[in-house]
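Taking it in order: structure first as structure tokens, then the write-up.
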Amino acid sequence: MKKTLLLLLFMCLSTVYAQEYFPNNKGVKTSKNNVFAFTNAKIYVNPNTIIKKGTLLIKDGKVVSSGKSVSIPKNAQVIDLKGKTIYPSFIDAYTTFGIQTPKREGWSGKRPQYEAGRKGYYWNDHIRPDVNPLNQFKFDTKKAKELLNLGFGVVNTHLEDGIMQGNGVLVALNPNSTNAYRILDKESGNYLSFSKSKKSRQTYPTSRMGAMALLRQTYLDANWYAKGKMKNTDLALQALNDKKDLAQIFRGGNYLDDLRADKVGDEFGIQYTIVGGGDEFERINDIKNTNATFIIPINFRKAYDVSDPFLADQVALSDMRKWNQEPSNPSVLAKNKVPFALTTYQLKKATDFTANLRKAIKYGLNKTKALEALTTIPANILKNTKIGNLNNGSYANFLITSGDIFDKNTTLYENWVQGDKNVVNPMNIKDLSGEYTLTTNGKTYNMTISGKGAKQKAAIKQGDKKVNSKFSFKDNWVTITLREGDNFTRLSSFVEDKNLKGTAIDNNGNTSQWSAVFNSKKKDKKAKKGDKNKIPEIVAVTYPNVGYGNTSKPKQENILIKNTTVWTSENGTILNNTDVLIKNGKISQIGKNLSSRGAKVIDGTGKYLTAGIVDEHSHIATSAVNEAGHNSTAEVTIEDVVNPDDINIYRNLTGGVTSIQVLHGSANPIGGRSAILKLKWGENADKLIYKNSPKFIKFALGENVKQSNWGDLQTVRFPQTRMGVEQVYIDYFQRAKEYDAKKKSGQPYRKDLELEALAEIINKERFISCHSYVQSEINMLMKVAEMFDFNINTFTHILEGYKVADKMKKHGVGGSTFADWWAYKYEVNDAIPYNAAIMHRQGVTVAINSDDAEMSRRLNQEAAKLVKYGGLSEQEAWATVTINPAKLLHLDQQTGSIKEGKDADVVLWSGNPLSVYSKAEKTIIDGTIYFDIDADLRKRKSIKEERSKLINMMLQEKLKGAKTQAPSKKTKKLFHCDTE
């Protein structure tokens, strides 16, 4: 036993001996002192824990202790910070620091890529969770210095490329170290977006709804893979499963995409941290309901140069508003208790960060919340307790300042990262900023010194005249050169306090004494302080936040419409001098001399009341219309991309439209699922969608799907012919049939979102609305449907319907057509304006649709054309835009006619609804007035006044010397079937 202990002791001593005397040919041995004690400072341990006149003790890059009574080791370097403040260094949780974003491959002369380019990975190149950016990380010393000077000590970086982008890397901005030491976490998060990879030209997805569908299918496949059900190794799915416990950081980029990302996350039990776009204030309640933590850029836009009235008219009111409202976004988030971090992301110049942060504070952001957004919240996002605070054991990442870090007059002296000092402004340089009276050679000048540290500069005037001068401040010496004509005088002074004095030498060698007396008087101090704390005027946010938005969301009312002519759309019934009572969003009573206590009474004398117009085929109120990446995209849905801010919703209301089906376009034989909406202007996307909405999907025939009009380079996707289109349908329905059979058998199966939708068609749970023109194809699709024992629900366009109306009646399919569009492309050459009337007389349910944002505002007039072309009665014609499209959409028990118990979706017209002279005076949905012609006039006046106010604000901004941007006209893209 004794021998063993002696042997162990000898081994230990031998190790010490070897370490102590290991040959060293680099010079005399020295020990680096890594113990520092910072005393007498105001210390922010975290945003809510503050120590006054405390001590911060650090050793070997970590915090040892902080407090009022800290035991300081004898070997510590003691640094007295009396009058100064220590903060934790800032954290940016969303950057691409040190990682080069790839450039997108050019498309010129290249055909679309439909297959994945990576072998052994997922079938879609834009799914790249396996990417590890550490392999290409290169520490950017110049960028690091820039961020250090802003107060950042740690950044989270990643390769911003793809829908699933791979993991992040947490980096300490320590230019004095090596990657091995400054890489704090090699897998600090998992990154996602809706944007495709620039490294691949793979076509799918081409739309936002396609990206969302791809994310869903990827998560389903990853779960299937985790169960060991896949035959092949998939490195992308393996990586996704391996990284599921990391922070999931999703770049939205605007409030709509923020909500869309959260929707996908919720479906799979994932709470994303969402990188916003700065417009979250527009729908703050919806943002709050995500329960997400956000990362918020503060890249506030510059004021528009509206000095030219003509150019000022080019700027949309919504853009003017955003210039005014964007700086309030952090404040609105904080007041609504939405946790968020701040980021330099999207800033053209990182140096704009500090000014924009102060602007956000000026617009109401609480300073404690601002500090949390730069320290503890990003640390929480990244699940790292050793950054963003100065707790014992945390990294010694901290700032030394002259005072309040967010105050304009505060100087940031040093930014310590991992215990290494980075000088931003030398601490021994005095702050000379202020007003001075400078006297030399019997002359008196006014001197203003501004800036911080070594970057302080001076402007000198004699009266109102600017004096040509040069100012420098180095090593506590001030040097000023005054130049007047060919003569100059050089002044110098050692700085002891803010009153300067020294020797002046002119160009002739004459010397004299000079002085600059600091003017400590602060004029109108009270007024200036009040102005400083005053939040700038912010124009009201409306719902939606565009012109004609509502200052508050319209509310449901009980309404009694008296003594009007009622076109019921119930078998052509007209009721004269009739009252209609609306209660609780429903049509409660129809009759004469009705009364209801408390109801809002509207005099309908001489006016007409109808059911709201229903548009079976629309492309408004959406952010995307086609997913063109595959010949079948049944997995995508327009419900994912509903845009409640589209001004065409309001314009449709002015034309009496209350319900629409937003259809996928005609880029492929099997398109995407539709969204059926009530046009509740001001509500969010979810509240526009019909509750328990019937399920529809868009199919298409003809030129578009076989790519006749796509150009030679693009025409490579199957099918290329009309007979090929037929085979696509047969193939997919056969696959769906087999899929459904396996699913019903109880066997394990891989859930496929595309085949799920197609199986619903076979099971008569989802209905087809098919883009169609030529009779041969119309016949073909009816036969294919009958082969699989279901019916086509609606042929839309159907401009050769008059040729096959008898067959349509037998099949049980409806027709939704145009009143008089023809000859706008080859396959429409045989169209005639009598089409609707002929189909109607064969017993086909016929609707008139728009397929066009402009036409949808005058569908009442389109219906009137059927009286001329085909001799339909007024009531038959009116049914084509009310009860008939409601029937085609399986909504006729709910809307489309005026009947007791139905939804109160009604329109009060100034005259006969089929007249070009009649106007919709009130459009009511579920008992809520969403359009009122008198309120519209008031809105127009208010918009004019608001534009004038905002223009004046921007002119004032320019007069103050602020940078402006050139006005630009916002052109809204209007979607049609063939829009890319």
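We're numbering straight along the sequence, starting at 1.
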Full working for side-chain contact (heavy atoms from CB on, under 4.5 Å) between V642 and T622: CA-CA 4 Å; V642 170; T622 181; over 6 Å; no

K562/D579 under salt bridge (charged side-chain N to carboxylate O under 4.0 Å, His left out): CA gap, chis, key distance, verdict: CA-CA 4 Å; K562 299 283 290 181; D579 302 344; 3.0 Å; yes

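Within a 6.0 Å sphere centred on CG of N571, heavy atoms belonging to other residues, nucleotides or ligands number 12 at most. Around the NZ atom of K865, the shell of radius 6.0 Å holds more than 12 heavy atoms that belong to other residues, nucleotides or ligands. Heavy-atom neighbours of K810 NZ from other residues, nucleotides or ligands within 6.0 Å: at or below the threshold of 12. Residue-environment remark: NZ (K737) stays at or below the threshold of 12 foreign heavy atoms within 6.0 Å. Residue K919 qualifies as open at atom NZ: its count of foreign heavy atoms under 6.0 Å is 12 or below. Applying the 6.0 Å contact sphere to NZ of K586 captures more than 12 heavy atoms from other residues, nucleotides or ligands.
Applying the salt bridge (charged side-chain N to carboxylate O under 4.0 Å, His left out) test to residues at least two apart or on different chains, the pairs with a partner in residues 772-794 are R722-E777. Pairs passing the side-chain hydrogen bond (donor to acceptor under 3.5 Å, both in side chains) check and including a residue from residues 690-701, sequence neighbours excluded, read S659-Y690, K695-E760.
Between the side chain of K592 and the backbone N or O of N577, at least one donor-acceptor pair lies under 3.5 Å. A distance-only check finds a donor-acceptor pair linking the side chain of Y729 to the backbone of P669 [under 3.5 Å]. Not one N or O on the side chain of N550 forms a donor-acceptor pair closer than 3.5 Å with the backbone of K553. Here the side chain of R766 pairs a donor or acceptor atom with the backbone of F696 at under 3.5 angstrom. With hydrogens and angles disregarded, no donor-acceptor distance shorter than 3.5 Å links the side chain of T573 to the backbone of T568. Without hydrogens or angle criteria, T880 side chain to A847 main chain gives no donor-acceptor distance under 3.5 Å. Within the 3.5 Å criterion, the main-chain N or O of A624 finds no donor-acceptor partner in the side chain of R208. For the pair N626 (side chain) and S666 (backbone), a donor-acceptor distance under 3.5 Å is present. Panel note: side chain N763, backbone A759; a donor-acceptor pair is recorded below 3.5 Å. Within the 3.5 Å criterion, the main-chain N or O of R651 finds a donor-acceptor partner in the side chain of T654.
Side chains of Q556 and T928: a donor-acceptor N/O pair is absent below 3.5 angstrom, by distance only. In summary, the side chains of N849 and D851 do not present any donor paired with an acceptor at a separation below 3.5 Å, with no hydrogens or angles considered. Between the side chains of E876 and S873, at least one donor N or O lies within less than 3.5 Å of an accepting N or O. Between T895 and D905, the side chains place a donor N or O and an acceptor N or O closer than 3.5 Å (distance only, hydrogens not considered). Between the side chains of D615 and S850, at least one donor-acceptor pair of N or O atoms lies under 3.5 Å. With hydrogens and angles left out, the side-chain atoms of K902 and S897 include a donor and acceptor closer than 3.5 Å. Side-chain contact of N835 with Y869: a donor-acceptor pair under 3.5 Å is absent, judged by distance alone. Looking at Q661 and E616, their side chains do bring a donor and an acceptor atom within 3.5 Å of each other. Using modelled atom types, one finds no donor on one side chain facing an acceptor on the other under 3.5 Å when comparing D806 with Q842.
Contact record, S596 with L581: CB-CD1, 3.6 Å, taken as the closest heavy-atom pair. Between H890 and P694, the shortest heavy-atom distance links the atoms O-CG, 3.9 Å.
Using a 30° and 60° split on the angle between ring planes, W821 and Y824 fall in the perpendicular class, above 60°. Aromatic ring orientation, W567 versus W878: perpendicular (interplanar angle above 60°, classes split at 30° and 60°).
You'll find the ring centres of H617 and H771 outside the 6.0 Å limit. Centroid-to-centroid, the aromatic rings of F733 and F790 come within less than 6.0 Å.
Under the rule for a side chain to side chain donor-acceptor pair (under 3.5 Å), the partners of T633 that lie at least two apart in sequence or sit in another chain are N668.
Among the candidates Y548, W681, Y650, the single residue satisfying the ring pair (Phe, Tyr, Trp, His ring centres under 6.0 Å) test with F931 is Y650.
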